[in-house]
**Student:** 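Below you'll find the structure I mean.
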Amino acid sequence: MAAMLRRLPALAGLAGVAAIGAELAGHRAFARLVRRDVQALRARACPGRAGTVTEEMLEDLPDPVRRYLRYTGVVGQPFPGTIRLRQKGTMRFGQRWLPLDAEEHYSVQPPGFVWAGTARLGPLPVARARDMYAGGEGRMLVKVASLWPVVDASGEQINQGEMMRYLSEMIWFPAAFLGGNISFEAVDDSSARVTLTDHGRAVTATMFLDQQGRLTDFVAQRYRTPDASDPDTWSTPFTGYGEFEGLRLPATGKAIYKLPGGDLEYINVTLTELHYDTAPASTGESQ
């Protein structure tokens, strides 16, 4: 027994080394998974439309939408094909908020995204998450310490939720709102409904704007869990703006589910980097 007790510190040290090794292996496997998904997204993506956004392209849009697009400064800008961004913020895990770093990739045609986030407790990564939408289908994966999946969800509710997420995040590449898969309906002078159609499914949300044309909120019905029988009201209010890729875009915001028992705020993010991949400049007409 005495000999065993003398060995405990060494055994504990070995266990710690093994745990660190397992986490590193899990991190590498998770990174490979995300890299594979991003490569597939970019392989499917079409180049951005040739030419640039023109004032004539806004003529048939509802007044609030024209005001919004003009405010962003998108007129005269090229159409992106794929988009990359980085975010910092916090994310709720149970009753605790943890710091979050995230990277996201989008394609405009066909609509799709891959989001990968890491939540930390001090310097330690305690959870990694990947959200994605591709080919009309969504997928959500969350792993603790890169090893144990606590969420691995797909199905109709996830498809709808991830498609809605994509529509809401088109605010970071607003030229995509001029695509043939997008339609608008005026509500009043400060709001409009927007609909995205993809793979035989449509999702609709309401965009709220101030008099300058700044987007202040995006509200929709979205399924919160894979087994939800009904969607909940989902809101993404924006609290700050910044300039990225020559455009005025929302830079700080959060996401909230409006539940019968009260609001459930679950993420706050700040946009830190944004990059567009666009088609070469063209002197001909836009496609």
Side-chain angles (χ1 to χ4, degrees), residues 49 51-80 83 85 106 108 111 160-161 163-198 201-223 230-260 262-265 267-271 274 276 286:
R49 287 167 58 180
T52 60
V53 177
T54 66
E55 183 67 32
E56 289 73 22
M57 294 176 182
L58 313 186
E59 286 181 353
D60 295 330
L61 299 175
D63 288 343
V65 179
R66 282 202 302 270
R67 191 167 73 244
Y68 158 64
L69 290 174
R70 286 169 179 157
Y71 176 83
T72 68
V74 75
V75 174
Q77 297 293 326
F79 293 90
I83 300 96
L85 61 76
Y106 304 88
V108 175
Q160 188 267 359
M163 186 176 176
M164 184 64 75
R165 173 176 175 168
Y166 177 87
L167 174 60
S168 75
E169 294 182 359
M170 286 170 57
I171 58 164
W172 288 316
F173 41 104
F177 283 117
L178 298 170
N181 56 351
I182 297 291
S183 61
F184 290 98
E185 179 186 357
V187 177
D188 53 33
D189 188 53
S190 60
S191 62
R193 279 187 285 271
V194 56
T195 297
L196 165 67
T197 302
D198 185 46
R201 181 187 293 107
V203 293
T204 299
T206 302
M207 303 169 69
F208 292 90
L209 307 108
D210 65 15
Q211 287 304 307
Q212 288 182 269
R214 292 179 301 189
L215 194 63
T216 60
D217 204 352
F218 182 100
V219 180
Q221 296 296 301
R222 181 182 179 185
Y223 288 101
D230 296 298
D232 292 299
T233 300
W234 181 65
S235 169
T236 62
F238 307 106
T239 55
Y241 266 73
E243 185 167 320
F244 301 88
E245 288 284 351
L247 302 174
R248 291 185 290 271
L249 304 174
T252 306
K254 53 190 175 181
I256 304 166
Y257 278 103
K258 306 283 188 178
L259 304 178
D263 289 357
L264 175 63
E265 182 179 333
I267 193 169
N268 295 272
V269 294
T270 295
L271 189 63
L274 179 70
Y276 290 170
S286 299

**Student:** Got a list of side-chain donor-acceptor pairs under 3.5 Å for residues 237-244, not counting sequence neighbours?
**Tutor:**
residue	atom	partner	partner atom	Å
Thr239	OG1	Thr252	O	3.4
Tyr241	OH	Leu215	N	2.6
Tyr241	OH	Leu215	O	3.1

**Student:** Under the salt bridge (charged side-chain N to carboxylate O under 4.0 Å, His left out) rule, collect the residues that match up with Arg67, sequence neighbours excluded.
**Tutor:** Asp189
**Student:** Per the salt bridge (charged side-chain N to carboxylate O under 4.0 Å, His left out) rule, what does the pair list look like for residues 204-213, sequence neighbours excluded?
**Tutor:**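 Of all non-adjacent pairs touching residues 204-213, those that pass salt bridge (charged side-chain N to carboxylate O under 4.0 Å, His left out) are Asp210-Arg214.
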**Student:** How would you list, by chain and number, every residue that makes a side chain to side chain contact (heavy atoms under 4.5 Å, CB included) with Thr195, sequence neighbours excluded?
**Tutor:**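 With neighbours one apart ignored, the set is Ser183, Thr197, Ala202, Thr204.
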**Student:** Residues in side chain to side chain donor-acceptor pair (under 3.5 Å) with Ser191, at least two apart?
**Tutor:**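 Result, side chain to side chain donor-acceptor pair (under 3.5 Å) vs Ser191: Asp188.
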**Student:** Suppose we screen for salt bridge (charged side-chain N to carboxylate O under 4.0 Å, His left out). Which residues come up paired with Glu245, at least two apart in sequence or across chains?
**Tutor:**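 Once residues adjacent in sequence are excluded, Glu245 has no partner under the salt bridge (charged side-chain N to carboxylate O under 4.0 Å, His left out) criterion.
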**Student:** Applying side-chain hydrogen bond (donor to acceptor under 3.5 Å, both in side chains) as the test, list every pair that has at least one member in residues 167-179; sequence neighbours left out.
**Tutor:**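 Only Tyr106-Glu169, Arg165-Glu169 qualify under side-chain hydrogen bond (donor to acceptor under 3.5 Å, both in side chains).
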**Student:** Can you name the side chain to side chain donor-acceptor pair (under 3.5 Å) partners of Thr216, sequence neighbours left out?
**Tutor:**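 Result, side chain to side chain donor-acceptor pair (under 3.5 Å) vs Thr216: none returned.
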**Student:** Taking only residues two or more places apart in sequence, or in another chain, which ones meet Asn181 in a side chain to side chain contact (heavy atoms under 4.5 Å, CB included)?
**Tutor:**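 Side chain to side chain contact (heavy atoms under 4.5 Å, CB included) list for Asn181, sorted by chain: Gln109, Pro111, Leu196.
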**Student:** Can you sort out the partners of Ala186 under side chain to side chain contact (heavy atoms under 4.5 Å, CB included), two or more places apart, ordered by chain and number?
**Tutor:**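 Listed in chain order: Pro62.
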**Student:** Suppose we screen for side chain to side chain donor-acceptor pair (under 3.5 Å). Which residues come up paired with Asp232, at least two apart in sequence or across chains?
**Tutor:**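 Result, side chain to side chain donor-acceptor pair (under 3.5 Å) vs Asp232: none returned.
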**Student:** With Ala192, which residues qualify under side chain to side chain contact (heavy atoms under 4.5 Å, CB included), at least two apart?
**Tutor:**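 Partners of Ala192 under the side chain to side chain contact (heavy atoms under 4.5 Å, CB included) test: Val65.
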